[in-house]
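Remember, it's a predicted structure, so these values are computed and weren't measured experimentally. We count residues from 1, following the sequence as given. Each ligand, and each atom within it, is numbered from 1 in the order the structure gives.
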Amino acid sequence: MNFQYFARTATTATQGKLFETPHSAEQIRDTLLRTVSNEYMFNRYPDWPNLGHIAVDSRTTYGQLWDGVPPKANYMAILFEEYDGVGAQFVMDLISRNHILGARRALSNSPLVQMLNIRNFPTVALFRRDHQQALYMQRYNNQTVKDLDDTITSDMEQGGRRAPILTTTYAPTTTTTQTPLIDCHSYPERCRDMYYVSETDMLKAMRMALLDEVTRVPGSIRGDNFTNLHEFMTLLSNHFPVLSFQNDVRRMRAKRTTSVILRNSERARLVFTHMREFLEGRKSIGSVTADEYRRQFESVERVYASPFPVNSTWQHCKGSSPQYRGYTCGLWTTFHALTVHTYIDTIKDDFVNPMKPLSTIQGWVKSFFGCEHCRNHFMHMTTTLFPLNERRVRHPHDMMTYLWRAHNIVNNRLHGDTTEDPQFTKMQFPAPFLCPTCHSGGQFSRRQIRNFLLRYYGSIKPHNRLADQRLAF
Ligand SMILES: Cc1cc2nc3c(=O)[nH]c(=O)nc-3n(C[C@H](O)[C@H](O)[C@H](O)COP(=O)(O)OP(=O)(O)OC[C@H]3O[C@@H](n4cnc5c(N)ncnc54)[C@H](O)[C@@H]3O)c2cc1C
């Protein structure tokens, strides 16, 4: 008896690779593992588990070790092996747990081995996403998977307070990884995971918007620019999101929503409040010099323990190559989050002016957005093409949907442009993989869009300080 292996790309019966029957189940398994691993190494299918060995260099961050681990998985096990040994089997054995536990493999010459002080192989180390020290480290054996399950269960029961295994520090030296593009039509779930609102992105963008952009032109900030800056700072100090809602915001009244405090954003709000008061102190003269404003901002952010993560990498807004995305993605994200959180914060108020957050955002763009053609297009759109006025923005929820439509007009114009990231093409948002119910009969359903925006911008991934730290086990 023989068996035939059909690679993923095989389209005809003759493309199967014939194997002579090995003598035992173990041999069949090993042959298959070797063949599957070879196919992976050639093709790096993004929807297959990551069977490649981790590569590390002196700039590698803890967050990068998690490449290929699904964002929802809070734990990762790394198997260290001396040669191409049990690693592939280990990674595949853990696939069924990948909603909790991701698996990776590393070679014995990896700098991680010295950092973790590993002397015997194969060894498995377990990490939690918010913790750079191993929770478990043992020689690999047939109990390992059970041990991992037990360690994770007990760690979760203790609310993530399990004592780490002490390890040593060492500066690593070799090279890194390049993530392949994912086809969102074929792998909608992988793409859904790449779309989320990140606290890090918003904080990074706001510091650039309020500091670099506002002080780009030397001299004084006065007249409309002064008023627009004050209004924008007021909007941020009142409605910059400081809570992330884990469940549906619409159920808030039924008290079924749980929320998480965004610690950095709480401190950022104090900076915004302080800066608003600073600008109010200058209202009588109606101007402030760019230098004075900069000094004040820098000193206030120090007082509040620097809540803006300047050294962190972009998260959702990270481009597939460095020339894509980044700041403007962070800006859009914050603008949308501001409209959604203003809506949430004022849901019980009788008199809300839904135009206010939008005209405030428009004011900042007009006065300070450094991308000149973006600014001109945006002003043309919001005054002529799709004017921002009371007729369009009548109800409180219109503040969210006006900006949603405006952004889609921009997406449509830029679709196919050279600035388009091939991984994040400028589709009409949200694509069906993000919100299937938003699409009905080739059109967007307004009600579903509102609910989607509340869910998407209501639930914010907190800044994780640790992900950006260089490796130091
Ligand atoms: C006000 C403004 C005007 C701009 N004008 C221009 C211009 O004229 N020319 C130019 O080349 N670039 C312009 N840009 C930059 C451009 O829009 C993108 O920001 C940039 O190309 C990066 O795109 P991205 O793939 O990161 O997604 P972005 O378009 O930046 O979107 C960021 C994120 O917002 C979410 N999102 C996308 N669409 C919507 C929507 N409709 N509603 C709610 N959320 C959504 C998604 O999560 C997306 O990843 C402008 C940016 C801004 C902020």
Peer 1: Report the member of Arg325, Lys426, Gln428 with the shortest heavy-atom distance to atom 23 (O) of ligand 1.
Peer 2: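 Comparing heavy atoms across Arg325, Lys426, Gln428, the nearest one to atom 23 (O) of ligand 1 lies in Lys426.
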Peer 1: Considering both backbone and side-chain atoms of Trp332, is one of its nitrogen or oxygen atoms within less than 3.5 Å of a nitrogen or oxygen in ligand 1?
Peer 2: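 So ligand 1 has an N or O lying under 3.5 Å from an N or O of Trp332.
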Peer 1: Could you tell me if Gln246 and Thr258 have a donor-acceptor pair between their side chains, going purely by distance under 3.5 Å?
Peer 2: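 Result is no, nothing qualifies.
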Peer 1: How does Tyr457 reach ligand 1, by side chain, by backbone, by both or by neither, if only non-hydrogen atoms under 4.0 Å count?
Peer 2: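 The answer is the side chain.
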Peer 1: Using a 4.0 Å cutoff against the non-hydrogen atoms of His377, which atoms of ligand 1 qualify?
Peer 2: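 What qualifies from ligand 1 is 8 (O).
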Peer 1: Could you name the option among His407, Glu372, Lys318 that has the heavy atom nearest to atom 34 (O) of ligand 1?
Peer 2: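 Ranked by closest heavy atom to atom 34 (O) of ligand 1, first place is His407.
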Peer 1: In ligand 1, which numbered atoms sit nearer than 4.0 Å to a non-hydrogen atom of Phe378?
Peer 2: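 Within the 4.0 Å cut-off of Phe378, ligand 1 contributes 1 (C).
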Peer 1: Is it true that Tyr324 lies under 4.0 Å from ligand 1, counting heavy atoms only?
Peer 2: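 No, Tyr324 has no heavy atoms under 4.0 Å from ligand 1.
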Peer 1: Are side-chain heavy atoms of His274 and Gln296 found at a separation under 4.5 Å?
Peer 2: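 In contact.
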Peer 1: Kindly identify the option in Arg405, Met427, Arg413, Met194 whose heavy atom sits closest to atom 8 (O) of ligand 1.
Peer 2: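 It is Arg413 that holds the nearest heavy atom.
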Peer 1: Judged by modelled atom types alone, do Gln315 and Thr200 share a side-chain donor-acceptor pair under 3.5 Å?
Peer 2: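 Judged by distance alone, the side chains do not pair up.
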Peer 1: Ignoring hydrogens and geometry, is there a side-chain-to-backbone donor-acceptor pair from Thr346 to Asp349 under 3.5 Å?
Peer 2: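 No; judged by distance alone, with no hydrogens or angles, the pair does not exist.
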Peer 1: Taking the six-membered ring where the residue is Trp, are the ring centres of Phe240 and Phe272 under 6.0 Å apart?
Peer 2: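 Yes, ring centres under 6.0 Å apart.
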Peer 1: Could an N or O of ligand 1 be found under 3.5 Å from any N or O of Thr333, whether backbone or side chain?
Peer 2: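 It does not: no N or O of Thr333 is found under 3.5 Å from an N or O of ligand 1.
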Peer 1: Taking the basic N atoms (NZ, or NE/NH1/NH2) and the acidic carboxylate oxygens, is any pair closer than 4.0 Å for Arg269 and Glu266?
Peer 2: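 Salt bridge absent between Arg269 and Glu266.
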Peer 1: Which residue and non-hydrogen atom of the protein lie closest to atom 5 (N) of ligand 1, and at what distance in Å?
Peer 2: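 Going by distance alone, atom 5 (N) of ligand 1 is nearest to Cys374 CB, 3.2 Å.
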Peer 1: Between His316 and ligand 1, find which residue part has any heavy-atom pair under 4.0 Å and reply side chain, backbone, both or neither.
Peer 2: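 Side chain only.
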Peer 1: Mind jotting down which residue pairs meet the disulfide bond (SG atoms under 2.5 Å apart) criterion with at least one end in residues 372-433? Sequence neighbours excluded, please.
Peer 2: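 Non-adjacent pairs meeting disulfide bond (SG atoms under 2.5 Å apart): Cys371-Cys374.
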Peer 1: When you measure from atom 11 (O) of ligand 1 to every protein heavy atom, which one gives the shortest distance, and what is it?
Peer 2: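 The protein heavy atom lying closest is Leu414 CD2, 3.5 Å.
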Peer 1: Should the heavy atoms of other residues, nucleotides or ligands under 6.0 Å from NZ of Lys426 be counted, would the total exceed 12?
Peer 2: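 Yes, NZ of Lys426 has more than 12 neighbouring heavy atoms, counting only those of other groups under 6.0 Å.
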Peer 1: Could you check whether any heavy atom of Tyr456 sits closer than 4.0 Å to an atom of ligand 1, since that is the contact criterion I want to use?
Peer 2: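 True for this residue.
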Peer 1: Within ligand 1, which atoms have a heavy atom of Asn408 less than 4.0 Å away?
Peer 2: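 Result: 41 (N).
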Peer 1: Kindly indicate whether a cation-pi arrangement holds for Arg325 with Phe424, taking the cut-offs as under 6.0 Å to the six-membered ring centre and within 45° of the axis.
Peer 2: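 Ring-cation test returns yes.
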Peer 1: Nearest to atom 19 (O) of ligand 1 by heavy atom, Thr339, Leu403, Thr328: which?
Peer 2: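 Considering heavy atoms of Thr339, Leu403, Thr328, the nearest to atom 19 (O) of ligand 1 sits in Thr328.
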Peer 1: For residues 384-393, which side-chain N or O atoms pair as donor and acceptor with protein atoms under 3.5 Å away, sequence neighbours left out?
Peer 2:
unit_1	atom_1	unit_2	atom_2	d
Asn389	OD1	Arg391	N	3.2
Asn389	OD1	Arg392	N	3.0
Arg392	NH1	Pro387	O	3.0

Peer 1: Does Asn411 approach ligand 1 within less than 4.0 angstrom via side chain, backbone, both or neither, non-hydrogen atoms only?
Peer 2: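 The answer is the side chain of Asn411.
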Peer 1: For Pro430, is there any backbone N or O sitting under 3.5 Å from a side-chain donor or acceptor partner on His439?
Peer 2: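 Here the side-chain-to-backbone pair exists.
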Peer 1: Do any heavy atoms of Glu420 fall under 4.0 Å from ligand 1?
Peer 2: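 No, Glu420 has no heavy atoms under 4.0 Å from ligand 1.
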Peer 1: Enumerate the atoms of ligand 1 whose separation from the nearest heavy atom of Val410 is less than 4.0 angstrom.
Peer 2: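 Within the 4.0 Å cut-off of Val410, ligand 1 contributes 17 (O).
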